[in-house]
Amino acid sequence: MQVRSTLGVLPAPILCDTPGSFPWSVFHERYPELIRKVRDASAYGPEHRARLDQLGEQIVSGVVGPPDAHWHDRDSWLRWCEPHVGKSWSETPFLWAENYFFRRLLAATGFFDAGGMRGVDPFGPFKSVELASAATDTLLTEFNELVTHTGEDEQAPALLWSSLQANHADLCFNLAAGVPSGPPSGTGLLIDDGAAVLRHLENSEPGQIVLVADNAARELLPDLLLIDHLLRRGLATGVELYVKPQPYFVSDATPTDVIAAIRRLTGFGGPAEQAGHRLWEALRAGRLALQCPDFFCAPLHLWEMPVELLEHFATASLVIAKGDLNYRRLVGDFWWAPTRPFREAVGWLTAPVVALRTLKSDVIVGLDPATVDSLDQDSPGWRCAGTKSIIQFGLSG
Ligand SMILES: O=P(O)(O)OC[C@H]1O[C@](O)(CO)[C@@H](O)[C@@H]1O
């Protein structure tokens with residue numbers, strides 16, 4: 001596949017090096033605070049706590065070290081770390097630095113070690129609270145009302161919107177910001193290609209849909225309900241749900257989180273319960289396939305995925321990329337002109353693609369110049385504030 005040639009000349013990567021910038025604040029405020037929360041959320045012993053503290057100090061004032069000698073994925077990380085070892089964390093590309101940070105955080109908590117914390121999700125306590133929360137009850141009650149009072153044909157736009165809105169509820173964002181989450185306001189939707197996405201699905205032969213998931217719990221539930229709808233209405237012959245093979249970026253969904261979310265549905269009653277049972281059956285029948293390739297925890301862009309996976313994605317009738325991190329990996333975490341056409345940015349992927357994203361970091365493409373001007377003027381910090389969102393659709397590159 002000739003991916004590289006479709007990308008053109010890459011602009012400068014987004015770095016962590018400018019005090020006051022968003023990436024800087026993530027490494028100097030958000031992640032030190034996250035470490036404190038993780039440290040207190042589980043019963044980590046002195047050694048794990050010391051390692052977490054050390055990581056907290058390193059990211060603020062230390063240099064990037066190589067992967068530890070015993071890491072099972074050391075060879076890959078040696079390669080990925082090679083350009084950065086010995087530099088201060090601030091000098092590294094934001095996307096790379098965040099990925100390495102989360103890999104080191106798992107190492108610090110003993111996630112891969114032989115001891116008692118093996119396989120214990122450091123973010124599990126936060127995810128569980130969210131899944132059990134009253135806000136999740138409200139979400140499922142709203143779903144039950146939607147299904148009870150709306151015809152099947154009219155449900156798709158609401159489910160798409162709900163899946164987008166749910167990206168606002170990102171634990172990483174909320175944990176550190178300390179603010180209650182709420183949906184982006186009506187005016188926050190900068191690009192709305194929702195109707196075009198649904199037209200595409202209704203007017204083309206149903207095929208395999210790929211959904212690259214983002215967060216667990218309150219984001220994953222609407223994603224699952226959307227998947228159920230697509231399968232039930234025959235808008236997809238099957239759905240592949242890509243999640244992370246290990247805990248990542250705080251709230252990112254893992255297979256365990258998918259099972260927990262389906263159980264939450266089956267335990268709720270009403271249409272949500274029925275949807276949960278259908279999803280369970282779809283998993284058993286293979287119409288819903290759960291995938292978690294290691295690639296999804298690599299510090300790479302999506303076009304760098306293994307060639308077989310890339311070829312597989314190219315056969316999808318639609319690729320749905322959820323959330324901010326997946327957007328950065330989809331279009332590239334670079335200082336693109338915000339007016340760069342989306343279709344051009346995703347030209348490396350020869351399948352229709354839709355990004356459902358609340359903006360929580362600097363990269364953005366596909367806006368018109370007037371919108372960019374007015375946002376720059378009237379809404380300082382609009383790229384990272386989590387108050388703007390997009391449904392951005394591109395038909396084949
Ligand atoms: O859950 P989402 O929508 O991918 O957002 C995660 C975002 O949080 C950050 O990691 C910052 O904490 C962003 O850099 C990242 O893109």
Side-chain angles (χ1 to χ4, degrees), residues 13-18 21-38 56 59-60 89-90 92-105 123 126-127 130 163-179 181 183-184 188 211-223 242-244 247-254 257 296-297 299-302 320-336 354-365 381-392:
I14 294 174
L15 301 177
C16 307
D17 62 346
T18 312
S21 69
F22 176 68
W24 175 275
S25 74
V26 168
F27 274 88
H28 287 77
E29 293 156 26
R30 184 173 294 192
Y31 287 163
E33 175 61 17
L34 172 65
I35 287 179
R36 281 189 282 278
K37 294 215 153 99
V38 164
I59 58 170
V60 173
W89 281 74
S90 308
T92 61
F94 186 37
L95 182 68
W96 180 86
E98 287 201 284
N99 275 274
Y100 195 43
F101 167 73
F102 281 102
R103 177 62 185 85
R104 293 220 71 102
L105 189 145
F123 316 117
F126 315 128
K127 293 175 180 174
E130 191 185 277
S163 171
L164 167 70
Q165 257 190 337
N167 181 239
H168 192 70
D170 164 19
L171 274 172
C172 193
F173 206 76
N174 295 332
L175 266 181
V179 291
S181 69
L211 194 152
V212 186
D214 187 7
N215 299 303
R218 208 137 61 83
E219 175 160 359
L220 188 60
L221 285 165
D223 295 344
Y242 284 81
V243 295
K244 304 300 184 312
Y248 190 64
F249 278 73
V250 186
S251 43
D252 281 15
T254 63
D257 297 320
F296 279 90
C297 288
L300 302 174
H301 290 100
L302 290 185
I320 304 174
K322 287 290 319 280
D324 193 80
L325 176 63
N326 282 326
Y327 188 84
R328 293 164 63 195
R329 300 179 83 186
L330 180 72
V331 304
D333 210 31
F334 300 101
W335 287 107
W336 295 112
V354 59
L356 304 177
R357 172 205 187 201
T358 295
L359 278 64
K360 302 172 200 162
S361 65
D362 286 300
V363 71
I364 179 75
V365 297
W382 60 274
R383 290 172 183 241
C384 307
T387 54
K388 306 290 176 205
S389 51
I390 49 174
I391 301 179
Q392 207 168 29

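Every number for a ligand or one of its atoms is a count from 1 in the order of the listing.
For the ring pair (Phe, Tyr, Trp, His ring centres under 6.0 Å) criterion with Tyr100, the lone passing option out of Tyr31, Trp89, Phe94, Phe27 is Trp89. For the side chain to side chain contact (heavy atoms under 4.5 Å, CB included) with Asp252, the lone residue among Val243, Asn326, Leu325 that qualifies is Leu325. Just one residue in the list Asn167, Asp223, Asn215 forms a side-chain hydrogen bond (donor to acceptor under 3.5 Å, both in side chains) with Lys322, and that residue is Asp223.
Arg329 contributes a side-chain N or O that, together with a main-chain N or O of Phe296, makes up a donor-acceptor pair within less than 3.5 Å. Trp96 places no side-chain N or O within donor-acceptor distance of the main-chain N or O of Thr92, the cut-off being under 3.5 Å.
With a 4.0 Å heavy-atom cut-off, ligand 1 is reached by the side chain of Asp214 but not by its N, CA, C or O. The side chain of Asn215, and not its backbone, has at least one atom closer than 4.0 Å to an atom of ligand 1 (non-hydrogen atoms only; side chain from C-beta on).
Legend: residues meeting side-chain hydrogen bond (donor to acceptor under 3.5 Å, both in side chains) with Asp324, ordered by chain and number and at least two apart, are Arg357, Ser361.
If you check each of Arg328, Arg30, Lys322 against atom 13 (C) of ligand 1, the one with the closest non-hydrogen atom is Arg328.
The closest approach between any non-hydrogen atom of Tyr327 and ligand 1 is not below 4.0 Å.
Every atom of ligand 1 with a heavy atom of Asp324 under 4.0 Å away is listed here by number and element: 2 (P), 3 (O), 4 (O), 5 (O), 15 (C), 16 (O). Within the listing of ligand 1, atoms 10 (O) sit less than 4.0 angstrom from a heavy atom of Phe249. Heavy-atom contacts of Gly323 reach the following atoms of ligand 1: 3 (O) (cutoff under 4.0 Å). The atoms of ligand 1 that sit less than 4.0 Å from any heavy atom of Phe94 are 14 (O). The contact set between ligand 1 and Leu325, taken as ligand atoms under 4.0 Å from a residue heavy atom, comprises 2 (P), 4 (O), 16 (O).
Where the criterion is an N or O separation shorter than 3.5 Å, residue side chain and backbone included, Tyr31 meets it with respect to ligand 1. Where the criterion is an N or O separation shorter than 3.5 Å, residue side chain and backbone included, Glu98 meets it with respect to ligand 1.
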